[in-house]
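Take a look at the structure set out below.
Remember, it's 1-based here, ligands and their atoms both numbered in the order they're listed. Quick caveat, the model's predicted, so the values are computed rather than measured.
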Amino acid sequence: MAEIRVMLASDIAAAQELWRNTEGMGLSRSDSAEGLNAFLEHNPGLSRVAMLDGRLVGTALCGHDGRRGMLYHVAVDAACRGQGLGRALVRSCLEALAAAGIGRCHLFVFNSNRGGLAFWQHEGWERRDDLTVFSCDTPAGLPPRSATGP
Ligand SMILES: CC(C)(COP(=O)(O)OP(=O)(O)OC[C@H]1O[C@@H](n2cnc3c(N)ncnc32)[C@H](O)[C@@H]1OP(=O)(O)O)[C@@H](O)C(=O)NCCC(=O)NCCS
């Protein structure tokens, strides 16, 4: 029986390993151990992992800016899919956002990630064709966290 629990700094290495083996993941310098530690510290108690027999088999990075929530890197080990873990990870993150007073959550999906797009649509998320995402690196000298990924 899998367990959904808060993601800790000690989960980072196993999460990185899962993402390296997950199709559709856009990894960037924000996904270094340093970047992920900073993300977890900035958003305490919001990200989740799925554990099965002591092994990390799923992740959902979750944060907010005081107005809207964001989800990143929702991923389940290919051998453990279709058992409700993806849904449980997302639901637990949304509950944590609601408890923090956040009323709405966004996420990015690559247009090429057909499986990911189908999952979010199946789960009832609203696909936004009325928006375009713009991105920009911050000035040199500051740690670049988002070189290529969302
Ligand atoms: C997307 C992903 C997280 C789903 O994880 P999962 O644990 O298999 O999902 P669940 O078992 O919780 O599925 C929940 C529901 O979504 C449906 N679903 C899951 N994957 C789906 C897909 N690719 N297309 C359509 N529906 C899907 C399931 O059938 C289930 O619906 P049901 O209860 O009505 O049968 C997993 O396939 C994955 O890691 N994919 C690669 C990474 C990725 O693309 N992440 C999302 C983009 S950021």
Name the residues with a heavy atom less than 4.0 Å from ligand 1? Thr22, Glu23, Met25, Val74, Ala75, Val76, Arg81, Gly82, Gln83, Gly84, Leu85, Gly86, Arg87, Asn113, Gly115, Gly116, Ala118, Phe119, Trp120, His122, Glu123
Using the ring-ring contact (aromatic ring centres under 6.0 Å, His included) rule, collect all pairs that involve residues 40-64, keeping only residues at least two apart or in two chains. none
Taking the side chain as every heavy atom from C-beta outward, state whether Trp120 and Val109 have any atom pair closer than 4.5 Å. yes
Okay, side chain of Ser92, backbone of Leu89: is any donor-acceptor separation there less than 3.5 Å? no
How about Arg114: does its CZ atom have over 12 heavy atoms from other parts shown lying under 6.0 Å from it? no
4.5 Å side-chain heavy-atom contact, Val49 and Arg5: yes
Note, Val57 side chain near Val76 side chain (heavy atom, < 4.5 Å): no
